[in-house]
Number of protein chains: 2
Amino acid sequence: MHLTQTAEYALRAMAHLSMLPGGQGARAKDLAEASGIPMAYVSKLLRKLVVAGLLESQKGHGGGFVLARPPAEIRFVDVLRAVDYPIEPNHCAFGWGECNVRHPCPLHGTWSQLKEAFTRWAERTTLADIQRGVPPRGPLLPTR
Amino acid sequence: MHLTQTAEYALRAMAHLSMLPGGQGARAKDLAEASGIPMAYVSKLLRKLVVAGLLESQKGHGGGFVLARPPAEIRFVDVLRAVDYPIEPNHCAFGWGECNVRHPCPLHGTWSQLKEAFTRWAERTTLADIQRGVPPRGPLLPTR
DNA sequence: CACTCAATGGACTTGACCATCCGCTGACGT
DNA sequence: ACGTCAGCGGATGGTCAAGTCCATTGAGTG
């Protein structure tokens, strides 16, 4: 299971921003150094987050990037969508065009189990959860 | 959340094989047509599964591929590893070299929640689960 | 106004993954 | 033996994400 490098970068950058005291902002260069993302690349990334309305940017002296909303209102799924991370809840791993509860492919059951776990995770987790550390929500999978 | 195309193909091919009645085998060509995977590509894939010991192959007339073990003994994680799908349980999304419960990065909590969901899914699900349809194991994520 | 800073945008390079092609090898049937 | 069938292996090409470079624009400072 993996996100794309870009998606991971996006979460990482947003995490760094959300951890700055007092809703502060930061320059792309600082974020790059702090997060280990190549400067030129994080720059493009941040732009996408601005376009998506998750960040606000300021040019020139004293410029940089700031969260556009409080951390609690920025879900991971918002960040992922902002960088075009593909979230296809209806994708069928078995290759069927039509695949749902009515017409389930052989993989449907176990596959949607995994997809839903991811979807819920992305929709429930916000930047505020990062600030708090581990959100105590219990195990993601049943303990058998 | 996504697997690579190759990983998905591998699961798909194995799923098809495990659904043949009476532990039958199939030719690469048949699997390709049935599963919608390009023939030349599934061929390479199946080879990897043979090398990994999950399949057995037979050349020439009447040849093809068969499961090397009963479906219940082939876990998804085995299939994924066979096609070199990267499973890095210790990978830190925040970019830290050292990241564990002792030295948790800000993302550690929520991130490992997701990783563990995937890992358990891959380790628990076997080809036998496919045959049975949906394994009733309850939700992957807590219901809030 | 002149200078510097930092985001913006475009063009470009690289490399991994996906996919195809073709000749070779081993197994079976006649 | 010979021919066919089907897996095996290497070489090759296409595509897209990942990463780099550079010129431009807008904003603040002296």
Side-chain angles (χ1 to χ4, degrees), chain A residues 1-13 17 24-68 80-88 93 95, chain B residues 1-13 17 24-68 80 82-88 91 93 95:
Chain A
M1 194 291 317
H2 66 90
L3 303 176
T4 59
Q5 183 72 282
T6 301
E8 186 183 307
Y9 281 169
L11 289 177
R12 199 186 294 183
L17 271 172
Q24 243 176 273
R27 298 177 302 165
K29 194 184 171 211
D30 297 329
L31 285 173
E33 284 169 5
S35 62
I37 308 174
M39 160 64 188
Y41 198 65
V42 82
S43 196
K44 306 263 179 223
L45 252 181
L46 292 169
R47 188 79 247 283
K48 289 189 179 179
L49 294 166
V50 168
V51 171
L54 303 180
L55 293 182
E56 282 168 8
S57 63
Q58 196 70 18
K59 280 188 176 181
H61 223 106
F65 299 85
V66 203
L67 297 185
L80 297 181
R81 275 204 260 266
V83 294
D84 305 310
Y85 184 77
I87 297 180
E88 307 151 25
Chain B
M1 196 289 319
H2 67 90
L3 304 175
T4 60
Q5 183 72 283
T6 301
E8 188 184 304
Y9 281 169
L11 290 178
R12 199 186 293 183
L17 272 172
Q24 245 176 272
R27 298 177 303 165
K29 196 186 171 209
D30 298 328
L31 285 173
E33 285 169 4
S35 61
I37 309 173
M39 161 64 187
Y41 197 66
V42 81
S43 194
K44 305 267 180 218
L45 252 180
L46 291 168
R47 188 79 249 284
K48 287 190 180 177
L49 294 166
V50 168
V51 171
L54 303 181
L55 294 181
E56 282 167 7
S57 63
Q58 196 69 18
K59 278 188 178 181
H61 225 104
F65 299 86
V66 203
L67 297 184
L80 296 180
V83 295
D84 306 309
Y85 184 78
I87 297 180
E88 305 149 27
H91 173 73

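What's counted below: heavy atoms across the whole structure, side chains too, no hydrogens, waters or symmetry copies. Protein chains get the first letters and strands the later ones, always in sequence-line order, with residue 1 at the start of each. This structure is a prediction, so every number in the text was calculated from the model and none was measured.
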Using a cut-off of strictly less than 4.0 Å, decide whether Y9(B) has a side-chain nitrogen or oxygen near OP1 or OP2 of dA19(C).
yes

Here the distance between atom C1' of dA16(C) and atom NE2 of H2(B), to the nearest Å, is 13 Å

Between K48(A) (NZ) and dA18(D) (C1'), how many Å, whole number?
11 Å

Using atom CG of L3(A) as one end and atom P of dA18(D) as the other, report the distance to the nearest whole Å.
11 Å

For the residue pair T6(B) and L45(B), establish whether any side-chain heavy-atom pair is separated by less than 4.5 Å.
yes

If you define the side chain from C-beta out and look only at heavy atoms, does anything of Q5(A) sit under 4.5 Å from E8(A)?
yes

Classify the ring geometry of Y9(B) against Y41(B): parallel below 30°, tilted from 30° to 60°, perpendicular beyond 60°.
perpendicular

Figure out the CD/C1' separation between Q5(A) and dT20(D), and round it to whole Å.
15 Å

What's the CG-P distance between L45(B) and dA19(C), to the nearest Å?
10 Å

Side chains of H2(A) and M1(B), heavy atoms from C-beta outward: is any pair under 4.5 Å?
no

Side chains of T4(B) and V83(B) in contact at under 4.5 Å (non-hydrogen atoms)
no

Interatomic distance where OH belongs to Y41(A) and C1' belongs to dT8(C) [whole Å]
16 Å

Heavy-atom contacts, protein to nucleotides 3-16 of chain D, under 4.0 Å, summarised as B (base), S (sugar-phosphate only) or - (none) per nt, yield --BBSSBB------

Rounded to whole Å, CD of E8(A) lies from C1' of dA18(D) at a distance of 13 Å

Separation of D84(B) atom CG from dC18(C) atom C1', in whole Å?
14 Å

Should L55(A) and L67(A) count as side-chain neighbours, where that means a heavy-atom distance under 4.5 Å?
yes

